[in-house]
Undergrad: 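This structure is in C-alpha cells; I'll ask about it shortly.
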Amino acid sequence: MPERHASAARTQPAPADPAALPDPAPPAPRVSVLIPLPLAGAYDYLGPDDPPLRPGEVVRVPLGVREVLGVVWDRDSDVESEAGEVPPERLKWVQARCETPPLPEVQRRFIDWVARYTLASPGAVLRMALSVPTALQPPRSVTGYRLVTGAAEILAGIKPTAARGKVIAVLEDGPARPLAEVARAAGVGVSVVKGLAKVGVLESVALPPPPTFEAPRPETAGPTLSPDQDAAAAALRATLKTPCFEVAVLDGVTGSGKTEVYLEAVAAALEGGRQVLVLLPEIALSAQWLERFAARFGAAPAVWHSELTARERRATWRAVAFGEARVVVGARSALFLPFQELGLIVVDEEHDAAFKQEDGVIYHARDMAVVRARLGEIPIVLVSATPSLETVANIEAGRYRRLHLPDRHGGAKLPAVTLVDLRRDKPARIEGLGQSWLSPSLRQAIAETLAADEQVLLFLNRRGYAPLTLCRACGHRMACPHCTAWLVEHRLAGRLQCHHCGFETRLPARCPACQAEGALAPCGPGVERLAEEVAALYPQARTAVMASDTLGGPSAAAALLRAVAAREVDLLIGTQVVAKGHHFPHLTLVGVVDADLGLYGGDLRAAERTYQLLHQVAGRAGREARPGRVLIQTAEPEHPVMQALASGARDRFIEVETEARQSAGMPPFGRLVALILSSPDPAALEQAAQALARSAPRYDGVQVLGPAPAPLAILRGRHRRRFLLKARREVAVQTMVRDWVAQVKLPGKLRLQIDIDPYSFL
Ligand code: ADP
Ligand code: ZN
C-alpha cells in the first residue's frame, strides 16, 4: 500500500498576498508537484521530511475536492508554479508516495523540453508519460501455499486421506504455489488445500507477481553480415562502446538488411546493460518484425501501441519503469515510457508521417526522439530507404552521420520500374463490370506473374469501394453532414462513411436531392472495387485485401501476413499498410493502380511523400532470388516524382526538391507554425480570426498567412480557419506564437490548436 501522510491544511493553494512574503521559517519542506492534466501546471505542497521527497517521485496530492497523481518536479525547472508563492500555512500535504521508481531526471527535462517546443502545457506532456495511472499501484499479490516446517509431526496427528496425500506430494520440496495451481496439480478440490492450511500443515505466503518479460539474449550470434552491413554495424557498435549522443542515419535500399544491421546495435546496447527503444510507424502490423526479433534474441520484446489491453499496458509500463523490459518496440507514444536506463533509440522508417501526432500534444516522434537522445547523451539511429528531406539536410549540415547500404542482401536486384501512361494505355471497360482500373499492360503482367506461380501486389491507397457517390440524374454528391468531405462507400459493410469523423449511413435508394430512384452511382475506385475487378478477371487467383479498416486487429493482421508469406495468397490488394517493411519472398510484381493520388492538395510535402510511399511499395517486389518488376499507372509520366521512380535517381530527386524548398524558404530551411481556430459558430469564429489577425506578429523574416478557411472547412461540425506562420530558421517561433496568442482572449467555445512544424495542411 502507498504510505499515507496526515493532511494538515484544508485550504487550496491560492495566489499569494505579496505582503506576507518572504516566509520566515518553513515548517516542512515545500515541494513542487506537476499534475498530469492538460490545464494544470505545478502546484506547491508540503512534503514529509523523513525521507524527503525527491524530484521525480510519483505522489498523490489533493486538488480541489479530488485526490490526483502528480510528480515531484524540480524547483529550477521552467515550469511555472500555478499558484505563485503561497504561504506555508495555506499549503496542503502530499497524501501518499507511490513505490514506482522516480521519473529520472532526463525524462523530466525531456517533458519540460517537449512542452516548451510544442507549446503544450507541461501537465499535458506529463500525462503522456503517466498514461497508465493504475500502473502506479503495486500489483495485487497472489497468495501461495507451502508446507510448514515440521509438517510431518502435525500430519501424524490427523487423519490421512488420499486427497491430502496428493497435495503433500505436490508441495514436497517445492516452493509456494497459488491455491488453484496446487489443487489442479494434485487433482483435488481447493477445499482440500484450504483444509490442510486450517489444521496448520500448510501456510500461506504472498507470492511476487511472475515476471512477464524475458530478457533478450544479445550474445546469440546474428547472421553473417555482408561487408557493407558489417561496416555499418561496426560503426554503431563503436558508438555504443562509449555511449554519447550521436545521430546515425542508416540509409539503405529496400531489402539491404537495415533491420539486421540495427539489431546489432540493439545487441551492443543490451550487452552494455542498457534498455533499448525501437519506434516503428505501424506497430500493430509488425508481426514479421517481432518474429525476427525473437528469432535473433531468443525472447520477445515488450510492445507498446494503442491496441494493448489495459492489463498489458499496466504490465508493460511497470516493466519498463522497473527495468525488467530491456527492449521496447512501439509506436510514437513509447517515447514517453519511464525508461531508467535507456541506451539506444532506433526510429525505423524515419520518414513516415505516422510519427507525427496530430491531436492532444502535437509532436513529431522522430524529432522528439532525437531530443530525448541528446538529453540522455545516447546514440539514436534513423532508418530509411527514403530519408526525409529534414534528415538529408541534417546529414548535409554535418549534424547526422550517414551509414550507407547501397545493395540488396544476397545479390537480389532492385526491381525494374516501368511507367504506364494511362492516357495511352487506357483501362478498357469490362463486360458486366463497367469501368476497369487496370491497363492492358498491367493486366498482362499480372497474368504472366500468376502463370509463373509468383505473387502480385496491387497498391491503391484508398480504403472502401468508391471515394464518391454521385447522382446520375442531378449530379448531387453524397457528402458528410458534419465535415467538408465526400462520403466513401464501403460496400462490404453496406455503408457510406466519412473518413474524417466516422459518420455512417446506408446508401439511400433515392437521391436525397432529386428523389430519382436507383441513380446513385459509385465514382472512382477503392480497394474493394478493385478486388471486384480482380475477382472477375482472375477467378482462379486467391485474393486478399489489406487496408486498415479490413484488418480486424493485430492478430488477424499477423495471420494474413503469414498467409501471404506462406504463399496461400496469390494476389494481395492493399493500401499503405502493405507498403511498410514486409518481406514476401515470392512477390515479384507490384502494380501501382493510381500513382497520382497523393500528388495534389497544397501539401508542401506531397511530392516527397508520394515518392517515399511508391518507392517503399515498389521495394516489396523481388526481394529474394526471383527478380521483381513494378508497373506504375499514372496520367502524368513526365512528373519529376514518376521520372525519379522510373530511373531510380533518388538522390537527384532529393536534390531538386531540396532546391525548391530552399528557394521558397520552406522546411527544413524555414520554419512553419500552423494555428487552427475552430468553433461550432461561424460568426464567433470569424470574429476571433479577425482579432488574432490584428495582433499577428510583424517582424522581419516572419510572414503570417491567413486567416483562410481550412481545406477541411468544417470538421465534426466545427468550422475551421487556419493561420500559417512562416519564419526563417533562426527565428524563435515558440516565443513569438506564445506572445501572439496571449494577446487574444478567446471565448469559451473557440478552440485554438497550435501545430509547430505542421505535416498536415487540411
Ligand atoms: P531492409 O530492412 O533493409 O528492407 P531487411 O533487414 O528486411 O531489409 O532484410 C531483407 C531480407 O534479407 C530479410 O529476410 C533478412 O533476414 C535478410 N538478410 C539481410 N541481411 C542478411 C544477412 N547478413 N544474412 C542473412 N540474411 C539477411
Ligand atoms: Zn464527417
Side-chain angles (χ1 to χ4, degrees), residues 221-234 249-267 278 280-282 286-297 346-352 381-387 403-415 464 467 477-488 490 495-505 561 565 579-587 612 615-626 628 678 710-720 762:
T224 310
L225 299 179
S226 71
D228 284 333
Q229 291 177 338
D230 199 43
V249 179
L250 190 52
D251 171 7
V253 300
T254 53
S256 58
K258 296 184 290 296
T259 315
E260 302 297 343
V261 169
Y262 75 66
L263 288 183
E264 288 301 307
V266 171
V278 179
L280 298 182
E282 205 77 56
S286 308
Q288 271 193 335
W289 193 96
L290 296 174
E291 280 164 20
R292 270 169 84 172
F293 183 95
R296 169 80 170 76
F297 292 113
V346 177
V347 183
D348 203 349
E349 314 286 10
E350 67 88 24
H351 61 274
D352 202 300
V381 188
L382 308 181
V383 184
S384 179
T386 52
L403 304 172
H404 191 208
L405 301 178
D407 304 307
R408 278 194 161 176
H409 167 71
K413 293 274 170 294
L414 282 170
R477 299 162 171 219
M478 297 294 293
C480 175
H482 312 297
C483 304
T484 315
W486 307 129
L487 292 175
V488 178
H490 287 252
R495 295 257 178 228
L496 295 175
Q497 225 179 59
C498 172
H499 283 184
H500 295 285
C501 72
F503 170 83
E504 282 195 340
T505 179
L561 290 169
K580 295 169 190 175
H582 310 300
H583 182 80
F584 302 125
H586 299 279
L587 197 144
Q612 287 162 341
H615 183 93
Q616 195 81 26
V617 72
R620 298 313 106 206
R623 288 167 70 91
E624 287 195 0
R626 307 182 208 199
S678 69
L712 256 172
I714 306 173
L715 176 63
R716 296 191 179 88
R718 299 179 72 88
H719 297 257
R720 303 165 79 239
L762 287 178

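Counting convention: from 1, in listed order, for ligands and their atoms alike.
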Undergrad: Considering H409, R623, E624 one by one, which has a heavy atom nearer to atom 12 (O) of ligand 1 than any of the others?
TA: H409

Undergrad: Is there a donor-acceptor contact under 3.5 Å linking the side chains of T254 and R408?
TA: yes

Undergrad: Name the closest protein heavy atom to atom 2 (O) of ligand 1, giving the residue it belongs to and the distance to 0.1 Å.
TA: T259 OG1, 3.0 Å

Undergrad: Please compare R292, Q288, H583 and report which has the shortest non-hydrogen distance to atom 6 (O) of ligand 1.
TA: R292

Undergrad: Would F584 and H586 count as a close aromatic pair, with their ring centres under 6.0 Å?
TA: no

Undergrad: For ligand 1, which atoms sit closer than 4.0 Å to a heavy atom of V253?
TA: 3 (O)

Undergrad: Verify the distance criterion only: is there a donor paired with an acceptor across the side chains of T386 and H615 at less than 3.5 Å?
TA: no

Undergrad: Taking N, O or S atoms only and a limit of 2.8 Å, check whether C483 reaches the Zn ion (ligand 2).
TA: yes

Undergrad: Taking 4.0 angstrom as the limit and counting only heavy atoms of T224, give me the atoms of ligand 1 inside it, by number and element.
TA: 22 (C), 23 (N), 24 (N)

Undergrad: Is there a heavy atom of G252 sitting under 4.0 angstrom from any atom of ligand 1?
TA: no

Undergrad: Would you mind running through ligand 1 and noting each atom that sits below 4.0 Å from a heavy atom of L225?
TA: 23 (N)

Undergrad: Regarding H500, does it place an N, O or S atom less than 2.8 Å from the Zn ion (ligand 2)?
TA: no

Undergrad: To check your reading of the model: name the closest protein heavy atom to atom 8 (O) of ligand 1, its residue, and the distance in Å.
TA: G257 N, 3.0 Å

Undergrad: Between C480 and the Zn ion (ligand 2), is there a contact where an N/O/S atom of the residue lies under 2.8 Å from the metal?
TA: yes

Undergrad: Counting heavy atoms only, which part of K258 comes closer than 4.0 Å to ligand 1: side chain, backbone, both or neither?
TA: both

Undergrad: For H719, is there any backbone N or O sitting under 3.5 Å from a side-chain donor or acceptor partner on S678?
TA: no

Undergrad: Return the residue, atom name and 0.1 Å-rounded distance of the protein heavy atom closest to atom 16 (O) of ligand 1.
TA: E260 OE2, 2.9 Å

Undergrad: Do the ring planes of W289 and F293 sit parallel (below 30°), tilted (30 to 60°) or perpendicular (above 60°)?
TA: parallel

Undergrad: Please list the nearest protein heavy atom to atom 20 (N) of ligand 1 with its residue and the distance rounded to 0.1 Å.
TA: Q229 NE2, 2.9 Å

Undergrad: Which is it for V261 and ligand 1 at heavy atoms under 4.0 Å: side chain, backbone, both or neither?
TA: neither

Undergrad: Within the structure, does G255 bring an N/O atom to less than 3.5 angstrom of an N/O atom in ligand 1?
TA: yes

Undergrad: Hey, are E264 and R296 close enough for a salt bridge, meaning a charged N less than 4.0 Å from a carboxylate O?
TA: yes

Undergrad: Would you say the side-chain atoms of R620 pair up with the backbone N or O of H583, donor to acceptor, closer than 3.5 Å?
TA: no

